[in-house]
Amino acid sequence: MAARTLSLTPPRRRLAADSRLALLLRSPVALLSALVLIFLLLVAIIGAPLLQDLANTQNLRLRFFRPFSLERGWAYVLGADALGRPMLAQLIVGARTSFLVAGATVALAATIGTTLGMVSGYIGGVVDAALMRISDIIVTVPSLLLALSVLFVLEPSILNLILVLAVARLPIYLRVSRAQTLEIRERVFVEASRALGKGTSSILWRDIRPLVVPTVMTVAMLEIASVMLAAAGLSFLGVGLQRPDVDWGTIVSEGREYLTRAWWATVFPGLAILVTALAANLLSNWMRASGDPLQAAAMGVTASREEAARP
Amino acid sequence: MLKFLSVRLTTSLIALTGVMVIVFFLARLTGSPASLYLPVDATDAMVEAFNRQNGLDKPLVSQFVDFVANALRLDFGQSIAQQRPAATAVLSAMPQTILLAAIAMGLTLLLAIPLGTFAALSPNSTLDRGITLFSLFTASIPDFWFALVCVLVFSVSLGLLPTSGQGGLSSWVLPVATVMLHPVGVITQVVRGAMLETLNAGYVQNARARGYSWRRLAFRHALRNAALPIITVAGDRAGGMVNGAVIVSAVFAWPGIGKVLVDAVYNRDFAVIQAGVFVVGIAVILLNILVDLVYAAADPRIRVS
């Protein structure tokens, strides 16, 4: 029981979250980014099921229908593609997939990477060495090439895309959480827990995890944008997703075939990626700047060296 | 330093070995090359002959043993698609890519160091915010899309630059810009962060109090001390330019390691995939060692530890 009072427990966290929200309201750029992301997310969740059928409706008479005209209704305001499918509806359906892939990849990589990182940092020894070598391997191979060959073997599907991207992103979380664990491990309250006979898993969960998670969350926010870019890149190369699954990268690669005839089929899906990634980057930049300075320092040391690992 | 380098080299080589093992089996999972290179109605005898000729008829394990034995002699076998040694196919493409990466990294640093420093000199000013926004913006653009839009604007509409291939100087502009896109943003941010920290250090404040100009202080003295994180990230980004090379090969049909590797994956050209990953892996390891050496040159204290 005594050990329990030594670990960080929720009451103070509530306060921190409130003041953070107040800070967000005072920063116009960060607030706008958050609103844009929420808006896009809502459009993707609500709009995609409604527009699914319309997005796949081919109408060869509307082939390369020009954008910025309301003649055919809102769905065609951004023009139509080579098969006469409305661009706006396609973008909304693609948004759902893009958000799903980015969100699931980051969640998966962050959960597994952080768990392994904490275990690696806390236990040390052979486990640590083995995990670090594995992470070296992932960082050494050009990630795009790795993803390319794995996805060439597996059938293109949303699940496979998420798995491949998650493996490529693991090292970042592994190293960030390991570095923090190494430092936290030596602190007095952890030593106290150990002296009181707490088990390893209990120390990891109750003492170390609460301090590692905020840093990982900030990294994860930063990763949303890069994972989204990476997934789009793979779909563009033709190994990410294929019809009937469609994400923004797939739409760009289809539009590319008609680049000179219908610029809108290439430009709009790319713009959608750009706006989303920019909003996520601005938000995570603000999170870092407004966050705990200690946390910022921890990230500065560890995050930079792994960033090139991005596909 | 020597001890540090040898430890570094050993762990890197272990990692590379792991990579090679994974790539060997992964490549073979993509299916048999026979179905790709022989006509659909090929007889069993033809397939068998093809496999025997390319050493694909043996059990997987003995193929792997052969591969390791040959790889130790730096022999990566014959490319099925190109009918020449795989190592030759890869090495002949390397100079293009290294030149592309070197030019792109040089220009990136030329752009990112002044931008990041000026941003750090007046934190939270309009200039700083502008530069931060610019760097986040470049990091948010999908590079393949940027390349396509550039083709649309500069090649199709304005007719200034060629759309693809490799010819004179003008054919380098768009590939270099595409490869630079993400590193510029990231390195500008790192320069800004490192410079902010250094400019707040006691010795800089002291020199400032003695009447040194900010600009002179920043570029002469502080930059040297802020160099370590910049070198680290620049080294990483240079290694990551292989990814950029893949995109460049896909959009501009640019000859280089990116094209060789992508073609090899699609053609199930196992020997070339293995040789390519090996060569790229060695290049990344050499780059890391170079980064460590530059580190030591930039900061004499590192030699002691």
Side-chain angles (χ1 to χ4, degrees), chain A residues 29 132-146 148-150 152-154 225-226 228-230 232-233 236-239 248-249 252-253 255-256 259-260 263 266-267 269-271 273-282 284-285 296 300-301 304-311, chain B residues 11-12 14-16 18-19 22-23 26-27 29-31 129 132-133 136-137 139-146 148-149 151-152 156 182 185-186 189-190 193-194 197 229 232-233 235-243 245-247 250-251 258 261-262 265-266 268 273 276-277 280-281 284-285:
Chain A
V29 176
M132 291 323 283
R133 286 299 82 72
I134 291 174
S135 132
D136 278 351
I137 291 178
I138 300 175
V139 177
T140 308
V141 203
S143 42
L144 204 52
L145 185 68
L146 187 71
L148 210 62
S149 35
V150 174
F152 195 74
V153 179
L154 307 167
S226 17
M228 198 168 255
L229 291 178
F236 173 75
L237 289 172
V239 292
W248 287 335
V252 175
S253 82
R256 184 196 171 186
L259 189 61
T260 48
W263 56 268
T266 305
V267 170
L271 267 182
I273 304 174
L274 171 58
V275 168
T276 315
L278 186 60
N281 271 333
L282 283 169
S284 78
N285 190 52
V301 178
S304 57
R305 217 171 149 77
E306 269 66 52
E307 269 170 346
R310 294 179 176 158
Chain B
T11 52
S12 307
I14 294 174
L16 185 61
V19 171
I22 294 171
V23 167
L26 208 58
L29 281 176
T30 57
R129 277 159 203 257
T132 302
L133 189 67
L136 290 177
F137 186 75
S140 306
I141 305 177
D143 45 8
F144 57 91
W145 178 77
F146 173 80
L148 289 176
V149 172
V151 166
L152 200 58
V156 178
H182 289 164
V186 174
Q189 283 292 301
V190 172
E197 207 167 297
T232 308
V233 176
D236 277 352
R237 288 285 145 169
M241 279 183 177
V242 176
N243 290 340
V246 171
I247 294 292
V251 177
L261 288 172
V262 173
V265 170
Y266 287 127
R268 293 182 196 158
I273 299 178
V277 171
V280 170
V284 171
I285 290 173

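Since the model is a prediction, treat every value here as computed from it, not as a measurement. Sequence lines set the chain letters: A, B, ... in the order given, protein chains first and strands last, and positions in each chain run from 1.
Counting heavy-atom pairs under 4.5 Å between each of B:Ala250, B:Ala194, B:Gly18 and chain A puts B:Ala250 at the top. When each of A:Leu237, A:Val275, A:Leu271 is scored by its heavy-atom pairs under 4.5 Å with chain B, the top score falls to A:Leu271. Ranked by heavy-atom pairs under 4.5 Å with chain B, the first of A:Val267, A:Asn285, A:Ile273 is A:Val267.
With a 4.5 angstrom heavy-atom cutoff, A:Asn281 touches chain B via backbone and side-chain atoms both. For B:Ile22, the part sitting under 4.5 Å from any heavy atom of chain A is the side chain, from C-beta outward, and nothing else. Looking at A:Ala225, there are no atoms closer than 4.5 Å to chain B (heavy atoms on both sides), in backbone or side chain. B:Glu197 does not touch chain A: none of its heavy atoms, backbone or side chain, sits under 4.5 Å away.
Across all their heavy atoms, B:Phe144 and A:Leu229 have their closest contact at CE2-O, 4.3 Å. Of all heavy-atom pairs between A:Leu274 and B:Trp145, the closest is CD2-CZ3, 4.1 Å. When all heavy atoms of A:Gly270 and B:Pro142 are compared, the closest pair comes out as O-CG, 4.0 Å.
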Exercise. Report the C-alpha distance between A:Val29 and B:Arg129 in whole Å, list the side-chain angles of each, state the deciding distance to 0.1 Å, and finish with yes or no for side-chain contact (heavy atoms from CB on, under 4.5 Å).
Key: CA-CA 11 Å; A:Val29 176; B:Arg129 277 159 203 257; 5.9 Å; no

Exercise. Check the pair A:Phe236 / B:Val251 against side-chain contact (heavy atoms from CB on, under 4.5 Å), numbers first and verdict last.
Key: CA-CA 10 Å; A:Phe236 173 75; B:Val251 177; 3.8 Å; yes

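Counting only heavy atoms from C-beta outward, the side chains of B:Leu133 and A:Leu282 approach each other to under 4.5 Å.
Annotation: the span from A:Leu259 atom CG to B:Leu148 atom CG amounts to 6.0 Å, rounded to 0.5 Å.
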